[in-house]
Trainee: 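Have a look at this one before I ask anything.
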Amino acid sequence: MTAPSNSSPFATSLRTHLAGSLRAADALTHVRLGGWVHRSRNLGGIVFLDLRDREGIVQVSFGTDWSSAECIALAAAVGVESVVMIEGTVVARTAATRNAEMGSGDIEVRATVIEVVGPAETPAIPVARGKGEKLPSEELRLRHRYLDLRRAELQQSLMLRHRLLQVTRRHLSERGYLELETPILTKPTPEGARDYLVPSRVHPGEFYALPQSPQIYKQLFMISGFDRYFQIARCFRDEDLRADRQPEFTQIDIEASFVQRDDILALAEGLIGALWREAGHEIPAHFERMTYEAAMEKYGCDRPDLRYGLEIVDFSTLFDGADFGIARAALAAGGRVRGIVVPGAASWSRKQVDELEAIAKGAGALGLLRVKKTDGKYEGPIAKFLSAEAQNALALEEGALALFVAGADRITSPALDRVRQECAVRLGLVDETVRRFLIVTDFPMFDRDPGSGALGAVHHPFTAPNPEDMAAHPDEPHRWRALAYDVVLNGLELGGGSIRTHDSVTQSRMFSLLGIGDPAEQERRFGFLLEGLRAGAPPHGGIAFGVDRIAMLLSGAASLRDVIAFPKTTTARALFEGAPTQVSPEEMSALHLRLEGA
RNA sequence: GGGGGCGUAGCUCAGUUUGGUUAGAGCACUCGACUGUCACUCGAGAGGUCGCGGGUUCGAACCCCGUCGCUCCCGCCA
């Protein structure tokens with residue numbers, strides 16, 4: 001028996017190794033271990049405890065040949081999830097008792113000492129699960145988060161998240177980016193999402209806001225000359241939640257000076273490459289690029305999933321002279337008839353295609369027109385409206401189904417996007433092993449509120465418009481493109497950014513176009529940025545990536561909640577801590593707050 | 001703000017369609033047996049405001065109304 005070795009970096013004054021890290025090479029080593037009792041098997045004369053820590057599980061055995069009766073009795077009595085410290089010797093297992101499914105399955109620890117240092121009550125939710133056994137409900141997992149977090153899956157996900165953040169820090173630091181912090185108590189911004197507000201005690205009736213992003217601060221860093229900034233930034237938005245949306249989330253926030261779009265995009269490709277590599281995936285050094293306009297035209301969506309085709313085609317000319325009211329009305333109103341051709345879908349039942357129509361209608365379409373080719377003939381409700389010439393132009397393959405939506409692009413695009421995605425799922429075209437990265441560029445600067453006609457910023461008000469567009473159409477800002485870009489993977493937005501406006505005159509004009517024309521109002525809301533821009537601002541731009549979503553993708557987690565240690569529910573509650581919560585009248589009073597109706 | 005799903009033992013679920021004796025199963029738990037298991041096995045046992053409130057009924061886990069919680073989606077998320 002050798003003396004306790006201190007070779008493990010996890011050795012402390014209480015233990016020598018992490019239990020889950022022991023391997024055949026450690027045989028004959030005398031070890032002291034601490035961990036949680038994952039499972040126990042009491043065979044009478046011999047007792048096995050599976051001892052778990054963050055590195056995994058090791059089997060600890062208690063037998064009459066090497067353990068005292070007292071020790072065996074203690075081991076037999078300890079409950080699962082209790083914390084024990086054991087001392088013993090690593091022993092190679094015989095061929096017959098080896099467990100190939102465990103990392104430490106070639107060895108076990110023959111224990112001579114056991115101490116129950118943290119006895120556990122019967123856990124409210126099980127940590128060890130049998131094969132095929134379902135997880136407890138989300139509610140219980142969140143309420144007993146400290147137990148849920150003991151599961152290997154969550155520990156692995158959070159450890160991967162740690163590695164991703166370390167890679168980010170190293171990658172960006174090596175390129176001269178400075179990790180600089182920005183305030184959490186900031187100024188409310190009326191644009192964008194609802195702010196989380198924090199009442200001020202010392203200034204009655206005034207409020208801080210939690211940042212929706214450090215946008216303006218990072219621009220001020222550029223104005224100050226730091227040149228390159230990044231931050232693993234927590235952001236807050238008080239909007240209703242989704243499976244992939246939490247009220248507080250983490251961004252890799254980046255800004256750089258004296259750059260143009262492609263400088264930022266090259267950095268983005270490099271960083272994404274480093275992150276995916278850390279998770280064990282080599283990806284292309286450069287990503288495919290597509291303009292917003294092309295993405296909307298071919299996919300009806302600004303973050304298309306390129307893993308499959310089924311691209312959208314403009315079929316308006318097929319219906320040009322056709323005596324077909326729906327198409328005629330759409331074309332007369334300046335719309336188009338667009339559609340997708342789905343190979344092999346002619347065999348889909350009426351009901352199946354009706355389900356697609358329901359999806360299209362749910363996205364705003366009036367209906368979904370259909371024609372298919374079977375036995376060399378065009379069939380379907382609109383076949384009779386297609387002339388022989390039009391049929392030739394459509395040129396369906398045998399067994400194909402064509403689906404059309406008529407109307408303005410703002411109707412047909414989202415409808416066909418949804419239909420396209422559903423068809424891909426049905427045809428099994430969504431290959432989870434394929435990664436298609438894409439950079440979408442040239443977003444429009446503004447969109448119009450359909451009701452009021454007011455302009456809104458597609459990205460944010462600090463994005464620079466394309467100078468060529470401003471010069472070519474000075475009085476038609478709705479035609480301006482923005483120097484904005486998104487990074488997309490398989491139909492999911494990983495991040496986005498833009499080159500910013502760096503002169504105060506243009507910035508002031510942008511505010512005016514967005515309905516903040518009064519100079520005093522501009523100064524009140526954004527004075528600290530405008531002042532900064534007037535003080536000498538370099539050309540600058542940046543990008544931000546969603547850490548939670550990236551960690552979710554790379555860990556294979558099903559929900560954002562599985563890569564966040566202490567997430568909120570879909571009603572923005574923290575079930576474990578119990579936040580939000582009422583506060584005492586005294587605290588309310590100190591903050592100069594009174595509840596409505598109280 | 002709107003719509004869908006779920007809520008029965010510590011956990012996962014069956015039972016609700018068509019109201020009817022004492023609400024079941026597996027795992028976990030307690031006790032007992034067992035010296036090579038690894039989801040140990042075997043025997044016995046304990047464990048239930050059927051989310052909550054109200055209503056209909058001779059009778060409600062089951063039907064109706066309301067409400068709470070979790071979840072998914074639409075709106076929303078520059």
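Since the model is a prediction, treat every value here as computed from it, not as a measurement. Here is how names work: the chains are called A, B, and so on, in the same order as the sequence lines, proteins then strands, and each is numbered from 1.
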Trainee: Applying a 4.0 Å non-hydrogen cut-off, can you work out what A:Arg141 is touching in the nucleic acid: base, sugar-phosphate, or nothing?
Mentor: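 It contacts nothing in the nucleic acid.
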
Trainee: What's A:Ser213 touching, base or sugar-phosphate or nothing? Going by heavy atoms closer than 4.0 Å.
Mentor: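 The residue A:Ser213 makes base contact.
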
Trainee: Round to a whole Å and report the spacing from CG of A:Leu51 to C1' of B:U37.
Mentor: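 In whole Å, B:U37 C1' and A:Leu51 CG are 16 Å from each other.
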
Trainee: For a quick check of understanding: with a heavy-atom distance under 4.0 Å over all strands, which category does A:Leu575 fall into, base, sugar-phosphate or nothing?
Mentor: sugar-phosphate

Trainee: Classify the angle between the aromatic ring planes of A:Phe566 and A:Phe576 as parallel (below 30°), tilted (30 to 60°) or perpendicular (above 60°).
Mentor: parallel

Trainee: At 4.0 Å (heavy atoms only), tell me whether A:Val47 reaches a base, stays on the sugar-phosphate, or touches nothing.
Mentor: nothing

Trainee: If you take atom types as modelled and just measure distance, does the side chain of A:Glu139 reach the base of B:U71 with a donor-acceptor pair under 3.5 Å?
Mentor: no

Trainee: Any base atoms under 4.0 Å from A:Glu138, or only sugar-phosphate, or nothing? Heavy atoms, all strands.
Mentor: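 The answer is sugar-phosphate, as A:Glu138 gets under 4.0 Å only of primed atoms, P, OP1 or OP2.
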
Trainee: Determine the Euclidean distance between corresponding P atoms of B:U8 and B:C62; express it in Å to zero decimal places.
Mentor: 14 Å

Trainee: A:Asp244 has an atom CG; how far is it from atom C1' of B:C76, in whole Å?
Mentor: 13 Å

Trainee: Please measure how far the P atom in B:C76 lies from the corresponding atom in B:G48, and state the result in whole Å.
Mentor: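 Pairwise P distance, B:C76 against B:G48, rounds to 49 Å.
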
Trainee: Among B:G75, B:A28, B:C77, find the nucleotide with the atom closest to the side chain of A:Arg245.
Mentor: B:C77

Trainee: Considering Watson-Crick and G-U wobble pairs with both distances under 3.5 Å, what does B:G69 pair with?
Mentor: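 Because both required distances fall under 3.5 Å, B:G69 counts as paired with B:C6.
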
Trainee: Are the aromatic rings of A:Phe443 and A:Tyr485 close, with centres under 6.0 Å apart?
Mentor: no

Trainee: Considering every strand and a 4.0 Å limit on heavy-atom distances, what is the contact class for A:Leu135: base, sugar-phosphate, or nothing?
Mentor: sugar-phosphate

Trainee: In whole angstroms, how far is the C1' atom of B:A28 from the NE2 atom of A:His38?
Mentor: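 Atom NE2 in A:His38 sits about 13 Å away from atom C1' in B:A28.
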
Trainee: A:Asp148 pairs by side chain to side chain contact (heavy atoms under 4.5 Å, CB included) with which of A:Leu140, A:Val127, A:Leu154?
Mentor: A:Leu154

Trainee: Angle between ring planes, A:Tyr146 versus A:His144, binned at 30° and 60°: parallel, tilted or perpendicular?
Mentor: perpendicular

Trainee: Under 4.0 angstrom, heavy atoms only, what part of the nucleic acid is A:Gln212 near: base, sugar-phosphate, or nothing?
Mentor: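 The answer is nothing, as A:Gln212 stays clear of every strand by at least 4.0 Å.
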
Trainee: Using atom NE2 of A:His460 as one end and atom C1' of B:C77 as the other, report the distance to the nearest whole Å.
Mentor: 15 Å

Trainee: Between B:G7 and B:G43, how far apart are the P atoms? Round to whole Å, please.
Mentor: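 Pairwise P distance, B:G43 against B:G7, rounds to 32 Å.
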
Trainee: Report the residue (A:Gly45 or A:Ile125) whose heavy-atom-nearest nucleotide on RNA chain B is the more 5′ of the two.
Mentor: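 Comparing both residues, the 5'-ward one is A:Ile125.
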
Trainee: So what does A:Arg242 hit on the nucleic acid, given a heavy-atom distance under 4.0 Å: a base, only sugar-phosphate, or nothing?
Mentor: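 Contact class for A:Arg242: base.
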
Trainee: State whether the distance check finds a donor on one side and an acceptor on the other, under 3.5 Å, for side chain A:Arg98 versus base B:C38.
Mentor: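 Flag unset: no donor-acceptor pair detected.
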
Trainee: Please figure out whether A:Arg39 or A:Pro136 has its closest RNA chain B nucleotide nearer the 5' end.
Mentor: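 Looking at RNA chain B, the more 5' nearest nucleotide goes with A:Pro136.
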
Trainee: Could you tell me the Watson-Crick or G-U partner of B:C11, where both distances fall under 3.5 Å? Say none if there is no partner.
Mentor: B:G26

Trainee: Should B:U17 form a Watson-Crick or G-U wobble pair with both distances under 3.5 Å, which nucleotide is its partner?
Mentor: none

Trainee: Mark yes or no for a side-chain to base donor-acceptor pair under 3.5 Å between A:Arg143 and B:C70, with no hydrogen or angle criteria applied.
Mentor: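 No.
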
Trainee: What's the verdict on salt bridge (charged side-chain N to carboxylate O under 4.0 Å, His left out) for A:Arg141 and A:Asp562, showing C-alpha distance, side-chain angles and the deciding distance?
Mentor: CA-CA 10 Å; A:Arg141 290 177 48 204; A:Asp562 287 349; 2.9 Å; yes

Trainee: Find the distance A:Asp50:CG to B:A39:P and express it as a whole number of Å.
Mentor: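 These atoms are roughly 9 Å apart.
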
Trainee: Taking donor-acceptor contacts at under 3.5 Å, does the side chain of A:Arg237 reach the base of B:C77?
Mentor: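 Donor-acceptor pair under 3.5 Å: no.
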
Trainee: Between B:U56 and B:C63, how far apart are the C1' atoms? Round to whole Å, please.
Mentor: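 Roughly 8 Å separates the two C1' atoms.
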
Trainee: Given B:G75, B:A39, B:U37, identify the nucleotide with an atom nearest to the side chain of A:Lys131.
Mentor: B:A39

Trainee: How is A:Asn42 classified with respect to the nucleic acid when contacts are heavy atoms under 4.0 Å: base, sugar-phosphate, or nothing?
Mentor: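 Base contact.
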
Trainee: Using purine N1 to pyrimidine N3 plus N6-O4 or O6-N4 for Watson-Crick, or N1-O2 and O6-N3 for G-U wobble, each under 3.5 Å, what pairs with B:C62?
Mentor: none

Trainee: Nearest-Å distance, CZ (A:Arg93) to P (B:U35)?
Mentor: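 Interatomic distance, CZ of A:Arg93 to P of B:U35: 20 Å.
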
Trainee: Checking contacts here: which listed nucleotide (B:C76, B:C11, B:A39) is nearest the side-chain heavy atoms of A:Pro126?
Mentor: B:C11

Trainee: Using a cut-off of strictly less than 4.0 Å, decide whether A:Lys134 has a side-chain nitrogen or oxygen near OP1 or OP2 of B:C11.
Mentor: no

Trainee: For A:Thr570, which contact category applies under a 4.0 Å heavy-atom criterion: base, sugar-phosphate, or nothing?
Mentor: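 Base contact - A:Thr570 has a heavy atom under 4.0 Å of at least one base atom.
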
Trainee: Sort out for me which residue in A:Lys218, A:Gln215, A:Arg234 forms a side-chain hydrogen bond (donor to acceptor under 3.5 Å, both in side chains) with A:Asp253.
Mentor: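 Among the candidates, only A:Lys218 passes.
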
Trainee: Rounded to whole Å, how long is the line connecting atom CG of A:Leu241 with atom P of B:G1?
Mentor: 13 Å

Trainee: Grab the CZ-P distance between A:Phe62 and B:G36 for me, whole Å please.
Mentor: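 Going from A:Phe62 (CZ) to B:G36 (P), I get 17 Å.
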
Trainee: Under 4.0 Å: is that the gap between some side-chain N or O of A:Arg41 and OP1 or OP2 of B:C40?
Mentor: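 For B:C40, OP1 or OP2 has a side-chain N or O of A:Arg41 closer than 4.0 Å.
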
Trainee: Using the rule given for side-chain hydrogen bond (donor to acceptor under 3.5 Å, both in side chains), can you reason through A:Glu138 versus A:Ser559, listing the C-alpha separation, both sets of side-chain angles and the distance that settles it, and then say yes or no?
Mentor: CA-CA 11 Å; A:Glu138 191 88 28; A:Ser559 161; 5.0 Å; no

Trainee: For atom C1', what is the distance between B:A25 and B:A9, given to the nearest Å?
Mentor: 11 Å

Trainee: Using a heavy-atom cut-off of 4.0 Å across all strands, would you classify A:Ile57 as base, sugar-phosphate, or nothing?
Mentor: nothing

Trainee: Is there a Watson-Crick or G-U wobble partner for B:C42 with both distances under 3.5 Å, and if so, which one is it?
Mentor: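 Per the H-bond distance test, B:G32.
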
Trainee: Using the C1' atom in both, what is the distance from B:G2 to B:G19, to the nearest Å?
Mentor: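 To the nearest whole Å, 33 Å.
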
Trainee: Using atom C1' of each nucleotide, how far apart are B:A61 and B:A14 to the nearest Å?
Mentor: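 Pairwise C1' distance, B:A61 against B:A14, rounds to 12 Å.
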
Trainee: With respect to the phosphate group of B:C70, does any side-chain polar atom (N or O) of A:Thr571 fall under 4.0 Å of OP1 or OP2?
Mentor: yes

Trainee: With a 4.0 Å cutoff (strictly under), does any side-chain N or O of A:Arg561 reach OP1 or OP2 of B:C72?
Mentor: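 Yes, A:Arg561 has a side-chain N/O under 4.0 Å of OP1/OP2 on B:C72.
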
Trainee: Using 4.0 Å as the upper bound for N to carboxylate O, is an ion pair formed by A:Arg426 and A:Glu355?
Mentor: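 Salt bridge flag = yes for A:Arg426 with A:Glu355.
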
Trainee: Would you say the base of B:G26 and the side-chain of A:Glu133 have a donor-acceptor pair closer than 3.5 Å?
Mentor: no

Trainee: Mind checking whether A:Cys71 and A:Phe62 have side chains closer than 4.5 Å, heavy atoms only?
Mentor: yes

Trainee: What's A:Ser137 touching, base or sugar-phosphate or nothing? Going by heavy atoms closer than 4.0 Å.
Mentor: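 Here A:Ser137 touches the backbone only, sparing every base.
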
Trainee: Measure up the A:Phe446 and A:Trp480 rings against each other and bin them: parallel (under 30°), tilted (30 to 60°), perpendicular (over 60°).
Mentor: tilted

Trainee: Picking from B:C38, B:C40, B:G1, which would you name as closest to the side chain of A:Leu43?
Mentor: B:C40

Trainee: With rounding to the closest Å, how many angstrom separate the P atoms on B:C52 and B:C29?
Mentor: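 After rounding to an integer number of Å, I get 27 Å for this pair.
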
